[in-house]
Amino acid sequence: MCSFAPYDAVQPTILTVPGLGGSGPSHWQSLWEEARPDTVRVELGMWNTPHRNAWVTRLDEAIRRAEAPVILAAHSLGCLAVAWWAELSPQPYGWPVAGALLVAPPDVDRAGAQAELQSFAPSPRTQLPFPSIVVASSDDPWITPARARSLAVDWGSHFVEAGPQGHLNAASGIGWWDEGQELLGRVIAASGATGKPLSPSDARSILAVNATDAAQAHYLG
C-alpha cells in the first residue's frame, strides 16, 4: 500500500463504519450522517455477508479518498473492521486516521458466534495507532462487559461502560445519541486533529479524564 500524505491540521472528516446488516435510518450513525456535513458513511458492501478482507480494503480506500485527518465512528462489526485495518495497514501515530469512537464491538471469538462474526476472528490485539474510545453496554447480547473491556485494553482504548443499553443501536432507543456526540468530541480533542498533534500519553490523558466527564451524567450518574 502507498504511503500517506504528511500531517496538516484541518477540520477532520468523520467516517461512519457500520456493522453487520448496515445501519438503518433510525440508527445514530445514519442520523449523524444526515445532520453533520463533515460525516460520511463508508460503504463496505456485503452488509449481510461480510468478508473481512473486502471490508478492510473498502475501509482503506475510503480513508485514502477522504480529506485527512480522519475520525472513525464505528459500530458493532465495523469496530473489528477498524481494528483489522490498523493491523493490516500500519500508519504513523495519528495520521491519516487521527482517532476512533468504537461502539459496541461484538465478541467474534466467543464459542457459538455466528459465522459472519467468526470470519473476523481472531480479534486483533495490536494497539491502535490513534487515540480511541471503546463504548459498551452492560447488557449487550453480543459481548460481555468484561470482554469489551479486554478489547479496549488490547487496542489501547479508553473504556466507557454505557449501562444497560443493549447493542447501542436503533433498537436501544438512543436516537441521535447525544452522549455519543460528546464522546466523539473528546476523541477529536484527543486526536489534536484541529491543532498541534498530541503524543500518545497526552491523548490518553485527555480521554481518561474528559471522556468520563462527558458521559458521567448519563452513564455514571
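In this chain, numbering begins with 1 at the start of the sequence shown.
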Counterpart residues, side chain to side chain donor-acceptor pair (under 3.5 Å), relative to [X] (two or more places apart):
{"X": "Gln114", "answer": "Glu116"}
{"X": "Ser172", "answer": "Asn169"}
{"X": "Ser123", "answer": "Asp109"}
{"X": "Gln118", "answer": "none"}

Looking only at heavy atoms, which two atoms of [X] and [Y] are closest? And how far apart?
{"X": "Ile188", "Y": "Pro12", "answer": "CG2-CG, 4.2 Å"}
{"X": "Ala136", "Y": "Phe159", "answer": "CB-CE1, 3.8 Å"}
{"X": "Val70", "Y": "Glu67", "answer": "CG2-O, 4.4 Å"}
{"X": "Gly180", "Y": "Leu101", "answer": "O-CD2, 3.7 Å"}
{"X": "Pro105", "Y": "Ile143", "answer": "O-CD1, 3.2 Å"}
{"X": "Val134", "Y": "Ala148", "answer": "CG1-O, 4.2 Å"}

Partner set under salt bridge (Lys or Arg N to Asp or Glu O under 4.0 Å) for [X], not counting sequence neighbours:
{"X": "Arg65", "result": "none"}
{"X": "Asp38", "result": "Arg36"}
{"X": "Asp178", "result": "none"}
{"X": "Asp202", "result": "none"}

- request: Let me see the working for Leu77 and Val108 under side chain to side chain contact (heavy atoms under 4.5 Å, CB included), right down to the final yes or no.
  value: CA-CA 9 Å; Leu77 196 58; Val108 300; 4.0 Å; yes
Spell out, as yes or no, whether a donor-acceptor pair under 3.5 Å connects the side chain of [X] to the backbone of [Y].
{"X": "Trp84", "Y": "Cys79", "result": "no"}
{"X": "Asp139", "Y": "Gln165", "result": "yes"}
{"X": "His75", "Y": "His167", "result": "yes"}
{"X": "Trp32", "Y": "Trp176", "result": "yes"}
{"X": "Ser132", "Y": "Ala100", "result": "no"}
{"X": "Thr57", "Y": "Asn53", "result": "yes"}

message: Set out, in order, the CA-CA distance, both residues' side-chain angles and the distance that settles side chain to side chain contact (heavy atoms under 4.5 Å, CB included) for Ser89 and Asp60, then state yes or no.
response: CA-CA 8 Å; Ser89 305; Asp60 185 71; 3.6 Å; yes
Are any non-hydrogen side-chain atoms of [X] and [Y] less than 4.5 angstrom apart?
{"X": "Arg64", "Y": "Pro96", "value": "no"}
{"X": "Val97", "Y": "Ile63", "value": "yes"}
{"X": "Trp142", "Y": "Ser76", "value": "no"}
{"X": "Arg147", "Y": "Leu151", "value": "yes"}
{"X": "Ile71", "Y": "Val187", "value": "yes"}
{"X": "Tyr93", "Y": "Pro131", "value": "yes"}
{"X": "Val40", "Y": "Ile14", "value": "no"}
{"X": "Leu102", "Y": "Val82", "value": "yes"}

Please list every donor-acceptor pair under 3.5 Å in which a side-chain atom of residues 15-26 meets a protein atom from a residue at least two apart or in another chain.
{"from": "Thr16", "atom 1": "OG1", "to": "Glu33", "atom 2": "OE2", "distance (Å)": "2.5"}
{"from": "Ser23", "atom 1": "OG", "to": "Gln29", "atom 2": "OE1", "distance (Å)": "2.6"}

- line: Contacts of Trp55 meeting ring pair (Phe, Tyr, Trp, His ring centres under 6.0 Å) (sequence neighbours excluded), chain-then-number -> Trp47, Phe120
message: Apply side-chain hydrogen bond (donor to acceptor under 3.5 Å, both in side chains) to residues Ser30 and Arg41 and explain how you reach the verdict.
response: CA-CA 8 Å; Ser30 301; Arg41 174 170 300 194; 2.7 Å; yes
statement: Sorted by chain and residue number, the side-chain contact (heavy atoms from CB on, under 4.5 Å) partners of Ala54 (sequence neighbours excluded) come out as Met46, His51
- request: Carefully, step by step, assess Arg58 and Trp85 under the rule side chain to side chain contact (heavy atoms under 4.5 Å, CB included).
  value: CA-CA 10 Å; Arg58 291 282 186 90; Trp85 177 85; over 6 Å; no
statement: To the nearest 0.5 Å, atom CG of Leu80 lies from atom CZ of Arg52 at 10.0 Å
message: Assess the residue pair Arg125 and Trp155 against the criterion (side chain to side chain contact (heavy atoms under 4.5 Å, CB included)); give the C-alpha distance rounded to whole Å, side-chain angles, the decisive distance to 0.1 Å, and a yes or no.
response: CA-CA 6 Å; Arg125 302 191 65 180; Trp155 297 342; over 6 Å; no
message: Enumerate the salt bridge (Lys or Arg N to Asp or Glu O under 4.0 Å) contacts for residues 81-93, please, sequence neighbours excluded, ordered by first and then second residue.
response: none
